[in-house]
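Step one of this worksheet: look at the structure below.
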Amino acid sequence: MECNHLEHGDLLMSGALLDSFVDLHRSQLELSGVPRVFYPILFDKLQKQIFDAGEYFGIIEVENDEGETVQRKVRVTSECNILKDDPSMIFLIDHAYTYRINTIRNELEQLSELVERLSRLMFISSDEENKINAIIEHMWKFNHTYTLAVDGGDAEDREPYWYIRDEFGSAVEHCDQATVRMAPFLSMIDGQMYTLLWLIKDIECNGSVSVDYVCGAQDELIRRAKLVPWTADDLSDDIDYQQTEPNEQYFNTGRQSEKLPSSETYSMVDLTKLNRTINVLTDVELVRDNLADKRFQLVEDLSHADIIFTRKHFKDFKNLCENTQQFINQYPFENIINIKDLLAIICRRTSSSIDKETLQSYPLWLPTTFNLTYELPKFISYFQHREKKNLDNHWIVKPFNLARSIDTHVTKNLNSIIRLAESGPKIVCKYIDKPLLFHREESGLVKFDIRYIVLLRSLEPLKVYVYEKFWLRFANKPYSLDNNYDDYQVHFTVMNYRYAQNLKKITCEEFVPLFDEQQQNLKWADVQENIFSMIHQVFERATMRKPPCGMLPCHRSRAVYAVDLMLGQTGQPYLLEMNFMPDIERACSYYPTFMDDIFRTLFLDESNSNVIDISSK
Ligand SMILES: Nc1ncnc2c1ncn2[C@@H]1O[C@H](COP(=O)(O)OP(=O)(O)OP(=O)(O)O)[C@@H](O)[C@H]1O
């Protein structure tokens with residue numbers, strides 16, 4: 001029998017229309033690797049909304065002994081072989097559901113028909129008590145992700161979308177030697193997302209339609225790790241979870257390198273000996289408005305500046321040190337403390353191994369952290385070892401360098417951790433499952449985090465100070481691990497962007513007596529000592545290796561960082577992150593001398609009662 005696959009391809013469309021379709025979608029088509037031969041039919045099918053996969057393929061259902069469907073597969077049902085060179089062998093697949101991780105529960109609670117559909121699609125048995133929980137657990141075997149590139153707009157717009165293909169698309173099984181490829185596609189014709197499926201091999205009648213679920217992963221071990229959501233493979237015997245420090249190249253990846261002075265012989269400058277007012281050039285409004293000490297004055301011209309205090313990342317330390325007498329509010333290679341994955345690496349220096357018996361990692365103050373791009377097999381092995389020892393396995397998955405808790409998720413589902421890495425580079429940190437809680441009058445015992453402003457005057461010798469006043473951020477709802485992990489107001493303490501109406505504001509002066517009263521076995525003064533010792537250790541470790549693996553002790557650098565931390569039930573501090581150019585608006589409004597205190601400490605080396613020297617902690 002002769003098969004005519006070109007029946008949609010009357011191809012009478014004007015070449016010009018096709019050209020503009022291809023122009024509009026070129027980057028998507030090329031990035032997904034859709035062969036050109038399919039472009040005309042794809043255009044035709046999108047325009048006419050032709051969903052004709054059913055003419056060539058059929059779904060077969062696999063049942064268990066109880067007659068329940070436990071798997072679906074797709075087979076070729078047309079009477080003749082279908083050929084990869086046939087230009088019509090590209091198909092549109094609809095999406096059953098598109099969502100963001102943090103809104104899925106609320107949405108499903110409103111959409112009972114969708115819950116039923118997804119339950120059938122994911123083989124969730126009819127007697128499963130809470131179908132929404134089951135969907136949220138099982139969806140990691142079915143969902144896929146994309147992020148829309150947005151210019152401007154809110155940072156929250158960068159939160160990725162996840163979607164579940166329709167019954168047909170979801171039934172295509174995995175195979176290392178796949179016969180088709182699939183990719184998401186945003187059609188500009190109607191603004192809709194589709195999945196495209198196209199042949200990469202000829203398939204005979206009854207042949208299997210299969211796709212590589214981890215397409216793009218070449219390395220055998222990485223493939224094995226990424227396939228765990230579907231294979232439930234145990235890596236714990238084969239993969240050593242001990243972490244080793246990556247090489248220099250890792251530290252250089254994805255960063256613009258700074259230009260450094262060629263030797264340390266550039267001139268030292270002492271601003272206290274200038275015998276004139278010190279000129280400050282700044283693009284930071286708060287510095288302009290709050291620097292009141294008359295020994296400093298603002299200037300607009302770079303050539304007149306003694307101090308450059310800028311929000312922008314500064315790169316040319318060579319010129320600064322060799323050709324000027326100026327200071328800058330940044331250190332070369334400070335990205336190693338400001339980017340979350342690098343911070344974890346440098347903090348592990350001197351205490352790199354995980355105890356085999358207890359699985360405790362060191363230093364104690366760093367939540368165990370793995371990079372999900374480079375250390376996925378190690379992480380899976382570690383997770384599985386913890387599981388076997390019945391140790392707590394709650395984790396928090398975070399993007400390396402987005403703030404405001406965007407695309408950050410708390411989970412104990414290994415599959416979700418593995419798959420979350422697909423929506424952008426991420427680390428996974430051990431979730432502090434037993435945090436110290438604060439009694440918030442109107443809500444009960446809530447989680448909180450603490451922010452200290454750290455002033456780094458010099459790395460060699462280490463001269464580091466902490467602003468005596470610190471800042472607190474509280475969760476809105478009482479803490480519980482039985483709660484849904486997607487309840488932001490329970491597990492997160494960053495409330496000034498979302499749910500801000502409940503924001504708890506309390507100064508450190510009010511907090512300390514309340515802390516001592518609430519924590520019978522702890523004293524704030526002792527806890528604070530441990531925090532200072534932790535901060536001190538971070539800087540020690542940050543200079544143990546030379547750039548690009550360490551910060552450079554530049555004499556013309558001074559810096560202000562914000563250290564975010566939490567406390568465990570025992571009072572143990574845990575480092576969360578260190579920010580460059582932190583938001584100091586609250587500091588300036590609560591403490592009018594804040595900006596002067598900072599400038600005096602950093603640039604005049606004056607001791608100051610609002611600033612604590614932790615150089616020798
Ligand atoms: N290991 C952890 N255990 C428990 N909770 C955590 C952990 N890490 C982060 N969190 C919670 O998530 C919040 C955000 O984490 P983190 O500060 O690392 O991310 P961010 O998005 O960079 O936030 P920020 O707005 O502070 O820049 C913390 O304030 C804390 O409430």
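Indexing begins at 1, ligand by ligand and atom by atom, following the structure's order. Along the sequence shown, residues carry numbers from 1.
Atoms of ligand 1 lying under 4.0 Å from any heavy atom of F492, numbered from 1 in the order shown and given with element: 12 (O), 13 (C), 31 (O). Interface of K447 with ligand 1, defined as ligand atoms under 4.0 Å from a residue heavy atom, comprises 4 (C), 5 (N), 6 (C), 31 (O). The contact set between ligand 1 and D564, taken as ligand atoms under 4.0 Å from a residue heavy atom, comprises 26 (O). Taking every non-hydrogen atom of D449 and a distance limit under 4.0 Å, the qualifying atoms of ligand 1 come out as 28 (C), 29 (O). Close approach of ligand 1 to Y431 (heavy-atom distance below 4.0 Å) involves ligand atoms 3 (N), 4 (C), 5 (N).
At a heavy-atom cutoff of 4.0 Å, ligand 1 is contacted by both the backbone and the side chain of I432. Residue-level proximity to ligand 1 for K430 is carried by the backbone, the only part with a heavy atom below 4.0 angstrom. Contacts between I396 and ligand 1, counted as non-hydrogen atom pairs separated by less than 4.0 Å, involve the side chain only.
By the salt bridge (charged side-chain N to carboxylate O under 4.0 Å, His left out) test, R311 is found to be paired with no residue, residues two or more places apart in sequence or in another chain being considered. Applying the side chain to side chain donor-acceptor pair (under 3.5 Å) rule to T98 yields no partners; only residues at least two apart in sequence or on another chain are considered.
At a threshold of 4.0 Å, the pair K469-E509 counts as salt-bridged, since one of the basic side-chain nitrogens sits closer than that to a carboxylate oxygen. Using a 4.0 Å cut-off between charged side-chain N and carboxylate O, R100 and E159 make no salt bridge.
Judged by the 6.0 Å distance and 45° axis criteria, R457 is not positioned over the aromatic ring of Y465.
Not a single heavy atom of T408 lies less than 4.0 angstrom from ligand 1.
The heavy atom nearest to atom 11 (C) of ligand 1, considering only M578, K434, H491, is found in H491.
Between F594 and Y467, the ring planes lie perpendicular to each other; the angle is over 60°, past the 30° to 60° tilted range. Relative ring orientation between F515 and F511 is described as tilted, the plane-to-plane angle lying within the 30° to 60° band.
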